[in-house]
There are 2 protein chains.
Amino acid sequence: MTQIQTRSIPVIRTANSPFSRLHPVSLQQVQLQDTFWKPRRDINRQKTLPSQYARLEESGCLNNFRRAAGHPEIPFEGPFFADSDAYKWLEAAAWTLAEGQHPELQNKIEELVGLIENAQCESGYLNTFFMFEREHERFTDTGAHELYCAGHLFQAAVALNRAGGNNKLLEVSEKHARHMAQTLGPAEEGKKPWVDGHPEIEMALVELYRETGNQQHLQLAQYFLDARGRGLAREKIWTFWGSYGQDHQPFRDLKEVTGHAVRMVYLSAGAADLVLETGEQALKDALDAQWHNMTEKRMSVNGGIGPRHYIEGFGKDHELPSESAYNETCAAVGSIMWSQRMLSLTGDVKYADLIEHQLFNAALPGVSLDGQSYFYVNPLAAGPEHRRQGWFGCACCPPNAARLLATLPGYFYSTEKDSIHVHLYAQSSSEIQLWDGRMVRIEQHTHYPWDGHIKLVIEGTGEFALKLRIPAWCENASVKVSGEVFQNVPAGCFEIQRNWEGTTEVQLNLEMPVRFMVSHPHVADSSGKVSVFRGPLLYCAESVDHAGDVRDLVLPAENTLQLQASSALQGALVLQGTGQVKLHPTWSGKLYQYTAKIHSPLQTEQITLVPYYTWANREEGRMQVWLDHS
Amino acid sequence: MTQIQTRSIPVIRTANSPFSRLHPVSLQQVQLQDTFWKPRRDINRQKTLPSQYARLEESGCLNNFRRAAGHPEIPFEGPFFADSDAYKWLEAAAWTLAEGQHPELQNKIEELVGLIENAQCESGYLNTFFMFEREHERFTDTGAHELYCAGHLFQAAVALNRAGGNNKLLEVSEKHARHMAQTLGPAEEGKKPWVDGHPEIEMALVELYRETGNQQHLQLAQYFLDARGRGLAREKIWTFWGSYGQDHQPFRDLKEVTGHAVRMVYLSAGAADLVLETGEQALKDALDAQWHNMTEKRMSVNGGIGPRHYIEGFGKDHELPSESAYNETCAAVGSIMWSQRMLSLTGDVKYADLIEHQLFNAALPGVSLDGQSYFYVNPLAAGPEHRRQGWFGCACCPPNAARLLATLPGYFYSTEKDSIHVHLYAQSSSEIQLWDGRMVRIEQHTHYPWDGHIKLVIEGTGEFALKLRIPAWCENASVKVSGEVFQNVPAGCFEIQRNWEGTTEVQLNLEMPVRFMVSHPHVADSSGKVSVFRGPLLYCAESVDHAGDVRDLVLPAENTLQLQASSALQGALVLQGTGQVKLHPTWSGKLYQYTAKIHSPLQTEQITLVPYYTWANREEGRMQVWLDHS
């Protein structure tokens with residue numbers, strides 16, 4: 001057994017959270033060695049983070065900090081919440097340190113930490129937009145993202161401290177949080193009542209509390225949540241109000257996901273953090289209802305959320321368009337953070353199922369294969385004009401995707417009092433500490449997600465349970481433990497409770513045939529069509545592979561689609577088969593015709609489907625998820 | 001033959017427009033006596049206009065004029081373009097005078113005219129928002145709707161003058177237009193280059209030119225059109241820019257309808273007005289391309305346009321959602337105004353076809369049957385929460401619908417040099433002056449749109465042609481003239497050229513069976529579904545008539561749907577038949593399922609379809625246009 005690293009770097013530190021059933025395993029204890037995630041994370045470290053730092057410099061975001069440090073002659077650049085982009089980058093870089101030494105990255109981190117420290121006001125306040133001529137506007141507009149920016153600062157500080165980068169920003173954060181707590185709060189305490197226009201501060205304050213032990217942060221987070229839906233934020237607002245910002249009713253009465261999607265899932269993640277600390281049932285009930293509404297009524301087939309462009313947010317039940325879906329990358333990242341907290345709270349496998357689904361199909365598509373361009377908007381059908389961009393005026397998504405990739409190993413395992421939960425699968429080597437200090441080594445040998453054979457080699461001694469996630473997508477799973485075979489294992493949690501000794505092999509086999517999926521009949525846009533999945537991966541059709549219009553493809557039966565490796569897509573397995581394409585000779589120049597049905601002649605077409613996360617990495621063209629079938 | 005009224009009140013006065021092939025017949029020469037439009041127009045006069053005037057008063061819109069007349073202590077209320085609501089109401093009221101004396105209405109008109117006169121500045125400038133503290137901001141922001149408001153003032157002034165109300169506002173308008181012409185224009189003339197953020201001024205100036213003969217107005221309209229798409233409006237802008245406001249390319253290069261829908265169709269209507277005066281081919285070519293793009297790629301099945309909420313505007317080709325369609329009432333009104341101008345320019349029946357379609361199915365649904373509540377947004381499927389409102393913060397639609405109803409008789413007929421065009425059908429009595437001064441009396445005896453039998457009684461003498469529109473929706477039309485029968489008359493224009501004598505009966509029979517209509521296969525939302533038409537009317541299903549969910553109805557064959565009069569819907573004919581409703585027992589709590597197709601059991605259901613224009617006039621519930629069929 002190798003030497004155990006003792007420093008713990010969990011993505012959320014719930015070790016002392018009284019209502020946390022599960023505790024994420026430290027991310028540096030999980031070494032990914034696979035061909036799927038490891039290359040993406042290498043690119044994230046080697047290409048994405050350096051190029052994003054350059055973008056932060058070019059866009060003026062870093063200069064805003066230099067300005068705040070006593071240089072009013074430097075113009076403020078970018079949106080008023082630009083600070084948050086730097087903080088999110090810093091958080092991503094901090095988590096990346098958990099992987100090992102990266103001197104260049106360390107230099108950039110130190111430069112940025114220095115900029116942030118210098119930009120902080122004597123009072124503790126820190127926001128580069130509200131300096132000098134705007135100083136008197138501090139905490140006057142709940143839509144001004146001041147707490148949103150502060151929250152991302154706190155999360156970066158926590159990550160940096162946890163990853164052993166340094167603890168300077170933790171001091172900065174605490175000072176800022178103290179100032180906040182002195183200024184904002186109940187009117188009866190002589191403070192300014194406050195409902196922040198963009199949630200984020202809630203989970204940040206809880207994590208700051210976990211990192212420092214300072215109860216005041218937890219109390220402030222609770223105040224910010226409890227203040228919502230009571231008409232406190234009507235004074236002045238830059239953006240929107242009401243349901244857009246989840247301020248139309250008290251959070252405990254909110255039984256659906258509504259409004260701006262990133263705001264919604266960040267807020268719910270923060271509320272889940274509070275439940276982990278307080279165990280409040282009413283809050284947990286609301287979170288359950290919201291999560292069910294999201295997954296059963298308001299989520300695109302790829303796990304994308306927030307289809308409405310004009311609010312970047314949720315629509316009504318079953319309002320799930322394809323080509324006009326908004327589905328911001330940040331919303332998928334936020335949803336994963338929310339489910340992570342629900343998973344720790346309950347241990348329920350359904351949350352890990354959604355984390356996996358959104359990782360592969362909603363968050364990962366936000367980043368190009370070369371790690372240097374990004375989708376903000378993630379539709380399920382698109383014309384050739386929709387391509388990833390190098391950066392955005394509102395650059396929230398790129399560093400959000402980077403911090404998700406940086407924390408990925410932290411999503412693989414959790415420990416429970418007497419057991420180890422395996423949430424995700426990939427070729428990897430991990431060392432996991434049990435509740436009594438015993439170490440267990442787990443090696444995963446697998447080509448997942450390209451096939452479902454997973455050999456887990458467990459090196460550990462004594463009584464504990466290994467709890468394997470059997471994904472909801474899998475209809476035919478089997479497990480073999482030391483010669484004993486379990487067939488037709490149902491989706492959910494498969495528990496192997498035993499007295500382990502030396503090295504034990506567990507063979508998990510998740511059959512992953514190609515499968516069609518249909519949507520609820522009230523989802524108008526995909527009515528009568530199918531989407532195609534294999535294992536956890538959603539597939540789509542791109543113009544570059546087809547002679548005909550991808551909107552008109554007719555798939556052959558699912559069992560005739562063959563797997564094929566694609567060198568153009570970093571070895572992704574694509575699906576190929578002989579289908580058809582519909583022709584529309586009678587539709588030229590027409591939009592509507594009087595008839596009950598137009599006969600569309602069919603022509604044979606070789607069909608290629610690629611994983612949805614790989615789309616728009618080759619030449620421009622249409623993309624289509626929902627397809628006809630014969 | 002009755003006494004001819006000689007005052008001419010055409011909806012657009014093209015008598016002297018050199019490139020106008022057709023000239024609309026004066027609206028007071030067409031007396032509607034039908035049970036469809038006449039009651040709606042009576043309500044418009046008796047209920048809608050008085051109640052809207054009260055709303056203008058309540059909302060502070062009229063007070064803004066009092067404020068501008070030297071009372072800075074009165075606060076400005078409403079959006080910065082609130083003046084336009086008053087002007088549109090005034091235009092509607094003015095056209096209503098063409099019907100006869102209405103002392104109460106006349107009093108309100110005179111009050112409002114007085115308010116407007118008093119609000120005008122010495123310079124001629126007139127906009128109640130840019131007074132006092134905002135005076136220095138006049139003509140600094142192309143997004144501030146100053147020319148938009150002015151345009152509506154000019155149109156009201158023209159209507160009032162044309163209808164014989166009074167000509168005071170014509171002087172006000174000319175003074176304002178002179179100030180505008182002195183201030184705005186080419187830089188080389190020492191003026192401020194200007195692209196207005198919201199088109200409207202173009203058609204208003206052309207009509208002002210037609211009413212006054214002052215060439216300067218025509219030239220200024222031409223300048224405002226020609227200035228677009230040349231990067232002149234980049235300085236400062238309150239709303240959006242580029243394609244949203246049709247300023248991304250020169251108008252003559254614009255071959256599609258794009259951006260904010262009302263802006264687009266108002267601009268195209270203004271451009272068409274210019275072509276009527278100048279005959280410019282390049283401009284006409286662009287208008288042709290835009291109109292074809294709209295009708296062949298970007299129009300909902302009801303004629304609604306501008307489906308995207310976030311820009312209140314056009315989407316991509318075939319982006320035509322149902323429940324999330326925006327389709328602003330004003331956009332339909334503007335489209336009718338555009339087609340009216342194209343019809344005068346070309347005489348092409350297709351424009352009258354679209355006018356009829358949008359009148360019945362896109363504009364009329366904007367007003368409740370009682371004439372006192374309005375839709376701003378007109379989706380093709382809706383939940384119970386979508387109901388007409390009494391007024392809006394941005395109250396553009398209510399007076400726009402009112403002015404359309406007020407001008408309706410002016411859309412029925414046009415004269416051409418040697419002929420009379422019949423565009424619309426309804427029980428009515430009209431007197432039409434031919435090019436040589438001869439009068440022709442036309443009586444229409446019909447229950448149109450409830451049936452397609454139209455008896456036209458023509459009282460006129462000598463050579464001229466009667467040109468009947470055979471609607472595009474009609475597959476089986478016949479015409480009988482003095483015993484001679486023409487069967488299988490194709491859609492388009494049916495010309496009866498003869499030497500008329502005394503009284504002649506023309507029997508037009510437009511068969512109107514119930515017919516299903518399908519949409520282009522790339523319109524994802526309505527794929528595989530049908531909409532139902534009878535004659536010019538689109539039908540829909542409402543919850544109030546059904547036990548099952550209207551989204552799940554399965555129509556029987558079109559020829560089994562029976563006509564039935566509905567007392568609850570002011571005598572509208574509804575369609576009834578025995579169909580089915582799909583049940584979804586396997587979908588409870590699920591959004592997606594792995595399968596190629598879910599079997600939905602069917603249950604017998606009595607189906608009732610009501611004309612789309614009547615929806616949301618009974619108890620709350622769902623509405624659905626696109627339906628399944630067996």
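Note: hydrogens, waters and symmetry copies are ignored here, and every other heavy atom, side chains too, is used.
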Go through the atoms of [X] and report whether side chain, backbone, both or neither lie under 4.5 Å from a heavy atom of chain A.
| X | result |
| --- | --- |
| B/Ser526 | neither |
| B/Ser322 | neither |
| B/His318 | side chain |
| B/Trp473 | both |

Checklist line | Donor-acceptor pair, side chain of A/His520 and main chain of B/Trp587, under 3.5 angstrom | finding: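 No.
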Item checked: B/Tyr592 side chain vs A/Val518 backbone, donor-acceptor pair below 3.5 Å -> no
Checklist line | Options B/Thr595, B/Asp549, B/Val530, ranked by heavy-atom pairs under 4.5 Å with chain A, top entry | finding: B/Thr595
Next item on the list: Kindly give the heavy-atom pair with the smallest separation between B/Glu296 and A/Leu591, and that separation in Å.
Entry: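 Heavy atoms only, the tightest pair is O-CB, 3.4 Å.
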Notebook entry, point to check: Got more than 12 heavy atoms from elsewhere within 6.0 Å of NZ, B/Lys597?
Noted result: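 12 or below, so no.
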Under a 4.5 Å heavy-atom cutoff, which of [options] has the most pairs with chain B?
| options | answer |
| --- | --- |
| A/Lys316, A/Glu475, A/Lys582, A/Glu319 | A/Lys316 |
| A/Gly315, A/Gly528, A/Pro521 | A/Pro521 |
| A/His522, A/Lys590, A/Arg551 | A/His522 |
| A/Thr295, A/Leu320, A/Asp552 | A/Asp552 |
| A/Trp626, A/Tyr594, A/Phe533 | A/Tyr594 |

Check: About how many Å separate CZ of A/Arg308 and NE2 of B/His309, when rounded to the nearest 0.5 Å?
Finding: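 Here the rounded value is 6.5 Å.
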Item checked: Contacting region of A/Glu558 [heavy-atom separation from chain B under 4.5 Å] ->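 Neither part; nothing is under 4.5 Å.
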Next item on the list: Mind running side-chain contact (heavy atoms from CB on, under 4.5 Å) on A/Lys529 and B/Ser527 for me, showing each step along the way?
Entry: CA-CA 10 Å; A/Lys529 307 216 172 206; B/Ser527 170; 4.2 Å; yes
